[in-house]
Protein chains: 2
Amino acid sequence: MKYLDDDRDIRFNLLEWLDLDAVLKGEAYRDMDREQLGMVLDEALKVARGSVAACNEAGDRTGARFENGKVQLPEGFAEAFRDLASGGWISATMNPEFGGMGLPESVGTGISEFLMGANTSLGLTVLLTRGSAHLIESFGSEALKATYCERMYTGEWAGTMCLTEAGAGSDLGALTTKAVRQADGTYLISGEKIFITSGEHSLTPNIVHAVLARTPDAPAGPKGLSLFVVPKFRVNADGSLGAANDVTCAGIEHKLGIHGSPTCSLVFGLNGACQGFLLGQEGQGLAHMFQMMNAARYEVGVQGLGNASAAHQAALAYAKERLQGRGPGAAKGGAQSLIIEHPDVRRMLLMQSAYVQGMRALVSYTAWCMDMAAVSEGEEKDRWQGLVELFTPISKAWCSDWGFRVTEWALQTYGGYGYTMDYPAEQYLRDCKIASIYEGTNGIQALDLVGRKFKMQDGRPVSHLLRLAGDTAKQLADDPVLGASARQLAEAVKALGAVLAHIPTRENAGLLTILNAVPLLDMLGHVVAGFLLLQQAALAGRKGAELLSARGVDPKDRAAVRTLCAGSPDAAFYLNKVQVAIHFAHRGLPLVAAHAAAILSGETAPMEAML
Amino acid sequence: MKYLDDDRDIRFNLLEWLDLDAVLKGEAYRDMDREQLGMVLDEALKVARGSVAACNEAGDRTGARFENGKVQLPEGFAEAFRDLASGGWISATMNPEFGGMGLPESVGTGISEFLMGANTSLGLTVLLTRGSAHLIESFGSEALKATYCERMYTGEWAGTMCLTEAGAGSDLGALTTKAVRQADGTYLISGEKIFITSGEHSLTPNIVHAVLARTPDAPAGPKGLSLFVVPKFRVNADGSLGAANDVTCAGIEHKLGIHGSPTCSLVFGLNGACQGFLLGQEGQGLAHMFQMMNAARYEVGVQGLGNASAAHQAALAYAKERLQGRGPGAAKGGAQSLIIEHPDVRRMLLMQSAYVQGMRALVSYTAWCMDMAAVSEGEEKDRWQGLVELFTPISKAWCSDWGFRVTEWALQTYGGYGYTMDYPAEQYLRDCKIASIYEGTNGIQALDLVGRKFKMQDGRPVSHLLRLAGDTAKQLADDPVLGASARQLAEAVKALGAVLAHIPTRENAGLLTILNAVPLLDMLGHVVAGFLLLQQAALAGRKGAELLSARGVDPKDRAAVRTLCAGSPDAAFYLNKVQVAIHFAHRGLPLVAAHAAAILSGETAPMEAML
C-alpha cells in the first residue's frame with residue numbers, strides 16, 4: 001500500500017509558518033538550522049514511504065497472531081522497525097545523552113505524522129518505546145537510566161505502558177495489580193493487565209514495561225499507585241539478558257483495526273517471580289505516568305491527523321484518475337469527466353483538506369508551544385506550557401473525532417470501490433477509530449479540559465487562546481479575501497466567550513459543564529483550528545500573490561491562474577490554502593455557534609431521561 | 001449475536017402515532033385490524049430474533065466465500081432464508097395474488113427494520129428478491145408474471161438488480177451490456193456487471209436477475225437502456241428448471257462489512273447463450289428500474305436505521321451492566337457506578353436515541369404516506385405521492401449518514417471493548433457504512449432531491465413539508481414542556497425557508513444548488529425528523545401524564561416518577577420520548593441554521609480551489 005503523504009503542508013507549517021527561529025535560539029538547538037531540519041524531514045519521509053509503509057497492508061491482512069504464548073508480527077514489521085531504529089527515528093526528539101537526536105518537537109510532529117500515516121500499528125510501538133524510556137529518564141535511578149534509556153531510545157529494546165485492568169480502564173483508581181517491596185529494594189509484581197499495546201512481540205529481544213501497581217499499605221484510589229519498570233527479561237549487571245522475568249502474555253485482542261498492533265493481556269508474576277523497579281516515589285505513580293500519558297495523548301491526536309491525511313491524499317489521487325459522469329462544463333453525451341470535476345466531489349475533498357490542515361495546524365502549533373516552553377523561562381515558560389496543557393486534550397480528542405470523520409469522507413469519495421479492500425480507505429477508517437478511545441476516551445479528554453485545563457493558572461491559558469483567536473479575527477476583518485472568514489471566526493470566538501462566561505453563573509453550572517464537556521471541546525477545537533488556518537491563509541495568500549505577480553498573472557484571470565498552478569505546485573499549494581481556510585471558516589466554524597446555542601439553552605435532557 | 005430490537009418504539013409509530021385507521025379504510029386492507037397487525041409484528045420479530053439474528057455474527061466472521069465459480073454462504077443463512085420464506089416475510093407488503101401478504105407499507109417498514117437490524121447481509125437478499133419480482137409483476141408479460149412472481153415472492157427463487165459496470169456506477173448512461181433481439185422475441189444478453197448483491201449463492205435453486213442492457217440500435221446514454229429478466233437457469237414450460245443460462249460468477253468483493261452478502265461480478269453470455277426477456281418497453285429500462293431503485297433507496301434508509309438502532313440498544317444494555325468510575329452522586333472512594341450514571345455517557349446514549357427515533361419517525365411516516373397514496377385518489381393521491389418522492393432520497397441519505405454516526409457513538413459508549421470483536425458494535429459500524437454508498441451514493445440522492453424533487457409538482461411537496469413543520473412549531477409554541485423545542489424547530493424552518501427562497505435568486509443559483517445539495521438534504525432531514533419527533537413527543541407526553549395521574553404521581557416529584565418508571569416500561573418509554581424530542585431539538589436542529597449560514601454566505605471555495 002503506497003503511503004501518500006502531505007509533505008508540502010508539513011513543511012509549510014514547520015519552515016514557513018511557525019517562528020522556528022525563536023526555537024532555534026534555544027541552547028539545545030544551537031547547532032541546528034532550517035536547512036538541516038528540512039533534510040531531517042526528507043530522511044524520515046524516505047523511511048516512512050519505504051519499509052514502514054510497505055508492510056502496512058500486510059499488517060492489516062495478516063495481523064498480529066498469538067501462538068503458544070508468543071506473538072508473531074506480520075511480515076516486514078521486523079525490518080521496518082530495524083530501519084526506524086537505525087535511523088534514530090524512535091527517539092528523534094529525545095535526549096542525545098541517551099542516543100536521541102534531540103530535535104525540536106516542531107520537527108518531531110512531522111516525523112510522527114509520517115510514521116502514523118504510513119503504518120499506525122508499527123508507529124504505536126515507536127511511540128510507546130520512546131515514552132516509557134522517557135519515564136525512566138525522568139524518574140529512574142542512575143542505574144535504571146544507564147541500563148534502559150539508550151537501549152530503548154535506539155530501539156534495541158522496546159517499551160510499553162501498562163495501566164488498564166479488566167475492571168479499571170477509565171477509572172485508574174480501581175487498579176489492583178500489586179507491588180511488594182523486597183529486602184533488596186526491588187518489588188515483586190503480581191496482577192493482570194489488559195489492552196497492552198505491543199505488550200509482547202519479537203521485534204526486540206527485550207520489552208520494558210512501565211507498570212502502575214499498588215503497594216500493600218497504599219491508600220485506596222489513584223493516590224495509592226506507584227510506577228514500576230518491569231522488563232520481560234531480567235538484565236544482568238553487564239547489561240546482557242538474564243532469566244525471564246515472569247511476564248506472561250495470555251492472549252491478544254481481535255479488533256476492528258490496527259491488526260498489526262498486538263493488544264495484549266499480560267500476567268505479571270504468575271509464578272511469583274516478577275521483579276519490578278520503582279520509578280520516582282511510591283504513591284506518585286499516576287503523577288509520573290501522566291508525563292507519558294500527556295505525550296501519548298498528543299501523539300494520538302497526530303495519529304488521527306496521520307490517518308486522515310493519508311486517507312485524504314489517497315482519495316484525492318483517486319478522484320484525479322476515476323472517470324464517471326459528466327462535470328458541469330462537459331458536453332452532454334460526451335466523454336466521461338474525472339470525478340474531481342463534480343462539485344460535490346470537490347466539496348467532499350476540500351472539506352477533508354480543511355479539517356486535515358486544521359488538525360495539522362493545531363498539532364504543529366502545540367508542538368511549537370512545547371519548544372517555546374522548553375527554551376524559555378519564568379512567566380513566559382508558564383504561558384507556553386499553559387497552552388500546551390490546554391491543547392493536549394483538544395489535540396487528542398478533536399483530531400481523533402474529526403480524523404475519523406475525514407476517513408469516512410475519504411471512503412465516500414471513492415463510491416463503491418471505497419468499501420472494498422482493493423483500496424486503502426477502509427483500512428484507514430478502521431485504524432483511525434481506536435484513536436477516540438485509547439489514552440483516555442474523548443469523554444475523559446473533555447473532562448480533563450473543563451475540569452483541569454480551564455482552571456489551571458487561574459484560567460490564563462484559555463483567556464490567552466481567546467485573545468489569540470480574537471486578534472486574528474480583528475487583523476483580518478478588512479482583508480478583501482479573508483474578511484468574511486474572519487467575521488465567521490469573530491462570531492465563533494464570541495459564541496465561545498459567551499458560553500465560558502455564562503455557564504459558570506448558572507445555578508447548575510457543575511452539571512452543565514460536565515454534560516457539555518464534549519461539545520465544549522469541539523468548540524475549542526474549531527476555534528483553534530479556525531484562527532490558525534486563517535493565519536496560515538494570510539501568509540499563503542501573500543506568497544501566492546507574489547508568485548502570480550512575479551509571473552505577471554492577474555489573480556482574477558482564472559484561466560491564467562490555472563495554467564500557472566498547473567506548472568507551479570507551490571502556487572497551487574498557496575492558493576489552495578486560502579480556499580481551505582475560507583471553507584473551514586464557512587462550513588466548520590458555524591458549528592461553534594450551534595453548540596453555543598445548545599449549551600446556553602441549559603438543556604439537560606440526558607439527565608431527565610429515564611434511561 | 002443477540003439482536004436487541006426497539007419493538008416498543010416501532011409499535012408506537014405504527015399503532016399509537018400514525019393514523020392507521022385512514023389506511024385501513026382502503027379497499028385492499030379492509031380485512032385487517034390493528035390487533036392483527038400487532039400480531040404480525042410479533043411474528044416477524046420472532047423470526048428476526050431467531051434464526052435470522054443467530055447467523056449474523058457467523059455471516060461476518062466466515063463471510064461469503066467464492067470457490068470454483070460457486071458462492072458458499074455462511075452457516076445458518078440457508079435455514080434463516082427458509083424461515084423468512086415460509087413465514088411470508090419476503091413479500092409481506094406484496095400482492096396476495098402472487099403469494100404476498102398484502103400488508104400496508106406502514107407495517108412493512110417495521111418488518112424491514114427487524115430484518116435489517118438482525119442481519120443486514122441476509123436482509124439484502126430479501127429486499128432484492130422482492131424488488132425484482134415486483135418489476136416483473138409491474139412490467140412483465142402475463143407469461144413472465146406466471147413464471148416468476150409467486151416463486152420469487154415466496155422465496156422459492158431469489159432475485160437481484162444488475163446495473164453497475166466497471167466504468168458505469170453513478171453514471172448509468174455509460175452502461176455497455178448488450179441485448180440483441182432474437183427471432184423468437186427473446187434477447188441474447190452479453191456483458192459484465194459488478195457489485196451485484198446476492199448475484200450468486202445456493203439459497204435457492206434459481207436466481208432471477210433484472211438486468212439493464214442496451215439494444216444494438218439504441219441511442220447513447222440512459223435513454224438507450226432496456227430492462228431484462230435473466231434467470232440463472234432457464235425455466236421449462238412446465239415451470240421446472242432447464243439448462244444453465246450462461247450467467248457466470250467471476251468472483252466476489254472483499255469488503256469492509258456485510259461479509260455475509262456476496263457482492264458478485266457476473267458475466268452474462270460468456271458462451272453466447274444467455275437468454276433474456278424484455279420487461280416493459282425497449283428504451284424504458286431505466287424508467288422501469290426506478291420503481292425498484294426507489295423502493296431500494298427507501299429500504300437502504302431502513303437499513304441505516306436498523307443498524308443504528310441495534311447498535312444503540314446493545315450499547316444501552318452494556319451501559320446498564322458495566323461498572324466504571326463514580327457517577328456524580330456517588331461517594332468518593334465508594335463502589336464503582338454503572339457507566340449509565342455518568343452524564344457524558346447519558347449524553348451519548350440520548351443522542352443515539354434522538355437520531356434513531358428521528359430516523360424511525362421519518363421512515364415510518366414515509367411508509368404511511370405510501371399507504372395513503374395507495375388508498376386515495378386524484379389530488380390527494382398526488383399530495384401523498386409527492387411527499388413519498390420527496391422523502392425517498394432523504395430517507396436513504398439522512399438515515400445512512402446519521403445511522404453510521406449512531407453506530408460510531410454506540411461503539412464509543414463501550415470504551416475499549418467497543419473496538420474489539422467481542423462486542424457487536426464494530427460489526428454494526430462496518431455493516432452500516434455501505435448504506436451511504438450503494439443504491440446511488442448520498443451525493444446522488446442529494447442531486448435527486450434538489451434537481452428533481454424540489455421542482456416536481458411545481459414545488460408543492462417541499463412547500464407541504466415546510467407547512468407541516470411550521471404548523472407543528474406553532475401548535476407547540478406555548479407548550480410548557482415542548483415550547484422551547486418548538487421554537488428551535490421554528491428557527492430551523494425559518495432557516496430552511498430562507499435558503500430555499502434566496503438561493504434561486506442568486507446569479508450562480510445553479511452552482512450554489514449543486515454545491516450545497518448535500519447540506520440541503522441534511523437540513524431537510526433534520527427539519528422532518530424534528531417536526532415528527534415533536535409531534536410524537538406531544539402525544540407521548542399526554543400518555544405519560546395520564547399514566548402518572550392514574551397512579552397519583554406528581555410529575556415534579558422526580559423520585560416518585562423514577563419509581564413508577566421502574567415498574568412501568570410504558571411510563572418510562574413515554575417520558576423518554578419527550579426527552580428525546582427535546583434533545584434532538586436542542587442538539588440536532590441547530591445544525592440547520594449552521595448549514596443555512598454557510599449556504600447563504602455564497603461560499604464556493606471548492607470550485608475556486610486548484611484541486
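Numbers restart at 1 for each chain; the letters A, B, ... are given by sequence-line order, proteins then strands.
For a residue to count as touching a neighbouring chain, one of its non-hydrogen atoms must lie under 4.5 Å from one of that chain's; by this rule B/Leu447 does not touch chain A. The contact between B/Ile258 and chain A is made by backbone and side chain atoms together, counting heavy-atom distances below 4.5 Å. With a 4.5 angstrom heavy-atom cutoff, A/Ile340 touches chain B only via side-chain atoms. When heavy atoms are compared at a cutoff of 4.5 Å, A/Leu172 does not approach chain B at all. With a 4.5 angstrom heavy-atom cutoff, B/Lys577 does not touch chain A via any of its atoms. Contact of A/Ala596 with chain B is not made at all, since no heavy-atom distance falls under 4.5 Å. Contact annotation for B/Arg405: only side-chain heavy atoms (C-beta onward) come within less than 4.5 Å of a heavy atom of chain A. Looking at B/Asn442, both its backbone and its side chain come within 4.5 Å of chain A, counting heavy atoms on both sides. Interface remark: B/Pro519 contributes side-chain atoms only to the contact with chain A (heavy atom separation under 4.5 Å).
Listed options A/Gly325, A/Pro590, A/Ala609 were ranked by heavy-atom pairs under 4.5 angstrom with chain B; first place goes to A/Ala609. Counting heavy-atom pairs under 4.5 Å between each of A/Thr441, A/Val518, A/Val580, A/Leu591 and chain B puts A/Val518 at the top. Note: B/Gly167 leads B/Gly167, B/Ala174, B/Gly415 in heavy-atom pairs under 4.5 Å with chain A. Looking only at heavy-atom pairs under 4.5 Å with chain A, the residue among B/Arg326, B/Glu253, B/Gln336, B/His342 that has the most is B/Gln336. Among the candidates B/Gly510, B/Gly416, B/Gly221, the residue making the largest number of heavy-atom pairs closer than 4.5 Å to chain A is B/Gly416. Between chain A and the options B/Arg347, B/His583, B/Gln324, heavy-atom pairs under 4.5 Å are most frequent for B/Gln324. By number of non-hydrogen pairs under 4.5 angstrom with chain B, the leading residue of A/Ser436, A/Cys565, A/Gly443 is A/Ser436. Of the residues considered (B/Arg322, B/Gln488, B/His595), B/Arg322 shows the highest number of contacts with chain A, using heavy-atom pairs under 4.5 Å. Looking only at heavy-atom pairs under 4.5 Å with chain B, the residue among A/Gly257, A/Ala517, A/Ala220, A/Gly173 that has the most is A/Gly257. With chain B as partner, the option from A/Ile194, A/Asn516, A/Leu589 having the largest number of non-hydrogen pairs under 4.5 angstrom is A/Asn516. In terms of non-hydrogen atom pairs under 4.5 Å with chain A, the most contact-rich of B/Ser353, B/Ser601, B/Ala572, B/Ala597 is B/Ser601.
No donor-acceptor contact under 3.5 angstrom links the side chains of B/Glu603 and A/His586, judged on distance only. B/His254 and A/Thr420 are not linked by any side-chain donor-acceptor pair at a separation below 3.5 angstrom, with hydrogens and angles left out of the test.
The CD atom of B/Gln412 sits 6.0 Å away from atom CE of B/Met348, with the distance rounded to the nearest 0.5 Å. Between the OG1 atom in A/Thr413 and the CE atom in A/Met351 there is a gap of 12.0 Å [rounded to 0.5 Å]. A distance of 10.5 Å separates NZ of B/Lys433 from CD of B/Glu408, quoted to the nearest 0.5 Å. Considering CH2 of B/Trp409 and CG of B/Leu349, their distance stands at 11.5 Å, rounded to 0.5 Å.
Taking the centre of each ring, B/Phe404 and B/Tyr428 stay at or above the 6.0 Å mark. Not less than 6.0 angstrom separates the ring centroid of B/Tyr419 from the ring centroid of A/Phe195.
Under the 3.5 Å distance criterion, the side-chain polar atoms of A/Glu341 are left unmatched by any main-chain donor or acceptor of A/Gly327.
For the pair A/Lys255 and B/Met421, the minimum side-chain heavy-atom distance is 4.5 Å or more.
The two residues B/Leu411 and B/Leu429 come nearest to each other via the heavy atoms CD1-CD1, 4.2 Å.
A salt bridge links A/Glu426 and A/Arg430; the closest N-O separation between the charged side-chain nitrogens and carboxylate oxygens is under 4.0 Å.
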